[in-house]
Amino acid sequence: MQIDELYNLYNLIERHRKLYYEQDAPEISDSEYDNLVIKLKELEKKYPDSARKNFWDKVGGKTNELFAKVEHKTPMLSLDNVFNFDELKNFFNRVNVDNDFICEMKIDGLAVSLIYEDGIFIRGATRGDGHTGEDVTENLKMIKSLPLKIENKNFPRGIVEVRGEVLMNTKNFNELNKIRALNKQTLFANPRNAAAGTLRQLNKNIVAERNLDILIYYLVDAEKFGLNTQNDVLSWLNNFKFPVQSAFKYCKNLNDVENFIIQWQDEKNNLNYMTDGVVIKFNNISQWNNIGSTVHHPKWAVAYKYKSERVKTKLISVEFSVGRTGTITPVAILEPVQISGTVVQRASLHNAEYLAKIRIGDIVTVEKAGEIIPQIVDDDNIMKIPVKCPVCNSEVIKIPGESAYKCSNKFCPAILKESLKYFASRKCMDIKGLGNRLAAQLTESGKIKKLSDLYNLTLFDLTSLEKTGVKTAQKILNEIEKSKTRPLYALVAGLGINYIGIQTAELLMKNFKSLDELANADEKNLLKVKGIGKIAARSIHEFFNDQDNMKLIEDFKLIGFSENANNNNEAGILSGKLFVFTGKLNLMTREQAWEKVINLGGKISSSVSSKTDFLVVGGKAGAKLNKARELNIKIISEQEFINLIGGK
């Protein structure tokens, strides 16, 4: 029934919203998401009584708990989309305002708000849900193109707020993915994800290394500064040395707008940043208030979205890989073809439920919509997912409500290898030296058949592997032993429960005292944890109701993982306290200090504000120290911090 399809689309779109806005890990391209939205809106028109109220009111996603929250005095709204000239004309007809326009290329990055006081940059925040964003001030300061001080004496005194888009240019993006490929790390899907993931790093040095850029396009309360048009605003921003994109134009009428859109259909490929459309705004700012806004988007602007570029080429072969959750991912090997200015030889076939009957040697249509791996999108000549896993030959199953196909064997060597790599990763158990090669050797040799076997490895087990000497083996054993001191939430994250990453695991273990308490929690109790939704609660409950998973938990309890360090006698001594660190620490790493604060119930921020409780000062402290003094924030040394947490 189409009503069932309506409800399924609500759940599917909500899932992809969270992946995109909150986890910076989308599973589908922007064009695929847009198609889902179009289909849903068509069904809503057909079944208005079944449509969900306020579903389209959401802007962005939830803020990350590890960053301080910032309230936007003026909401940061999203944009409504149109996909052809007829829809664009309808937009103008609805508004019914005779006015000139400004066309700007739609920058594919992360929207941010920047606050300047007397010409000095003092705070920056992400859009978040439109009303509350994340304080990313210190990370923004690592962007070389962002002016930290406006030298022009004519710049207004007092508070000035501008908004723009943080991005990663295509050159830096390609270089970053080359490095990640060499280090056997997961590639970023596209520059937008890379920029968003980088700006949310807790280590600002990583932000500096990745060379982000920023482009500014909006001035809050522009009329207060004597500016009456958006064209004036862009000139004003440029005059004060804010980075402004050159790809914009004043247009007298709708015909000029259409010509701009047509002109940049191909020319956008010459830009050094990603764009998937054109933003059209009424130029006269005084009319913006008269035209108004919805809770989701302004009515005085709209985004025209380009169709993804498609070309035809020959299918040479198909490779299949198995991820740590068992998902089968087919990748097409193609005769090289140029799309959007780059040569493409590989294409994703992840939308496998539509793929059937494709053959080696067939001519296929390939689409590129800003993804690092383009996609085959044929409707009539498409590929069939294997019925057997390419690694263990077990049955391949379709997951209800998802587009993914998965290996049914949870003991599949490929799943175990990828799970072991993830378990040992820095954000989970942090076992240095256990990378792709060693994980493959340990699982393929049968020395590890489940994750807990890692803690039973001997020196002989490791030295019997290729290219692993006694010295290397002993280092790895030491790292494995050291991992036993990791907080329990790191273990929970490392278990690989669907939809449970490190931050969600932290939330869980702040609310449950032990593995047993978490394992015995029903969905109702899991939903009481702030930040845990229905999908995550169901996934956790299903994981711990699996007999084999519970055997694994028993193994970990015997190893020594049981009680949650967050809930022992020292737990909660930093509860609700907000910490900021500055300067070089000598007795622990910055990451270790952050982890200790979180384990003891505290919170971390990258910048000093009136909400900060403690500034911990190391060697060569920076501007945060002066800011803390101005705000009368309590300033403590590294040793005083250690004393505060019990001398450990």
Side-chain angles (χ1 to χ4, degrees), residues 63-72 112-126 128 132-143 146-149 159 161 198-209 487 503 506 510 566 570-648:
T63 56
N64 188 317
E65 292 292 333
L66 296 180
F67 291 95
K69 293 181 180 180
V70 174
E71 299 292 333
H72 300 302
V112 293
S113 163
L114 311 172
I115 304 293
Y116 287 79
E117 184 173 5
D118 296 334
I120 297 173
F121 173 59
I122 61 168
R123 191 178 70 220
T126 62
T132 304
E134 301 146 331
D135 189 330
V136 288
T137 305
E138 296 306 310
N139 286 350
L140 285 166
K141 288 180 180 179
M142 298 297 104
I143 300 176
L146 173 67
L148 301 181
K149 182 178 181 181
I159 299 295
E161 180 180 0
T198 299
L199 195 63
R200 291 188 174 105
Q201 290 286 328
L202 292 177
N203 186 344
K204 68 179 181 182
N205 293 325
I206 295 176
V207 183
E209 289 170 3
Q503 292 170 8
E506 288 179 24
K510 284 180 180 178
N566 297 344
E570 63 179 7
I573 60 174
L574 303 184
S575 179
K577 300 298 183 183
L578 183 62
F579 282 76
V580 176
F581 290 80
T582 186
K584 180 176 175 57
L585 301 181
N586 296 316
L587 302 176
M588 63 178 72
T589 66
R590 184 74 65 88
E591 289 79 8
Q592 287 171 333
W594 288 339
E595 188 174 278
K596 196 65 179 174
V597 170
I598 293 168
N599 286 348
L600 297 176
K603 296 181 180 180
I604 297 296
S605 176
S606 59
S607 60
V608 174
S609 71
S610 59
K611 296 180 180 179
T612 305
D613 292 296
F614 293 95
L615 175 69
V616 182
V617 178
K620 297 181 180 179
K624 295 179 189 176
L625 181 57
N626 293 331
K627 185 69 175 177
R629 285 170 176 160
E630 290 175 13
L631 297 174
N632 201 28
I633 304 299
K634 187 171 180 60
I635 300 168
I636 61 175
S637 67
E638 182 181 6
Q639 186 57 57
E640 287 173 317
F641 169 70
I642 291 173
N643 295 339
L644 183 65
I645 61 176
K648 297 182 181 180

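A quick note: this is a predicted structure, and the numbers were derived from the prediction, not measured. Heavy atoms only: backbone and side chains are in, while hydrogens, waters and symmetry mates are out.
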Residues Ser609, Arg123; criterion side chain to side chain contact (heavy atoms under 4.5 Å, CB included); working and verdict
CA-CA 9 Å; Ser609 71; Arg123 191 178 70 220; 6.0 Å; no
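- Between the side chain of Asn139 and the backbone N or O of Leu199, at least one donor-acceptor pair lies under 3.5 Å.
- A distance of 9.0 Å separates OG1 in Thr137 from CG in Leu114, rounded to the nearest 0.5 Å.
- Considering every non-hydrogen atom in both Gly576 and Asp613, the closest pair reads O-OD2, 3.8 Å.
- In terms of heavy atoms, Ser637 sits closest to Val616 at O-CG1, 4.0 Å.
- Phe614 pairs by the ring-ring contact (aromatic ring centres under 6.0 Å, His included) definition with Phe579, not counting sequence neighbours.
- We find the OG-NZ distance between Ser575 and Lys603 to be 9.0 Å, quoted to the nearest 0.5 Å.
- For Leu625, the side-chain contact (heavy atoms from CB on, under 4.5 Å) test picks out Leu615, Val617, Ala621, Arg629, Ile635, with sequence neighbours left out.
- Leu146 and Leu140 make their closest contact through CD2-O, 3.4 Å (heavy atoms, listed as atom of the first residue, atom of the second, distance).
- The nearest pair of heavy atoms linking Thr198 to Ile206 is CG2-O, 4.5 Å.
- Here the CD1-CD distance, from Ile120 to Glu117, works out to 8.0 Å after rounding to the nearest 0.5 Å.
- Taking each heavy atom of His72 and Ala125 in turn, the nearest pair found is CE1-CB, 4.0 Å.
- Among residues at least two apart or in separate chains, there is no ring pair (Phe, Tyr, Trp, His ring centres under 6.0 Å) pair with a member in residues 616-635.
- Atoms CD and CD, from Gln201 and Glu138 in turn, are 15.0 Å apart once rounded to the nearest 0.5 Å.
- We find the CD-CG distance between Glu209 and Asn203 to be 7.5 Å, quoted to the nearest 0.5 Å.
- Rounded to the nearest 0.5 angstrom, Lys69 NZ and Lys611 NZ are separated by 8.5 Å.
- Residues Ser113 and Glu161 share a closest heavy-atom pair of OG-OE2, 2.6 Å.
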Chi angles and distances behind the side chain to side chain donor-acceptor pair (under 3.5 Å) call for Gln639, Asn643
CA-CA 6 Å; Gln639 186 57 57; Asn643 295 339; 3.1 Å; yes
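- Side chain of Glu638 to backbone of Met588: a donor-acceptor contact under 3.5 angstrom is found.
- When atom types are taken as modelled, the side chain of Glu134 and the backbone of Arg200 share no donor-acceptor pair closer than 3.5 angstrom.
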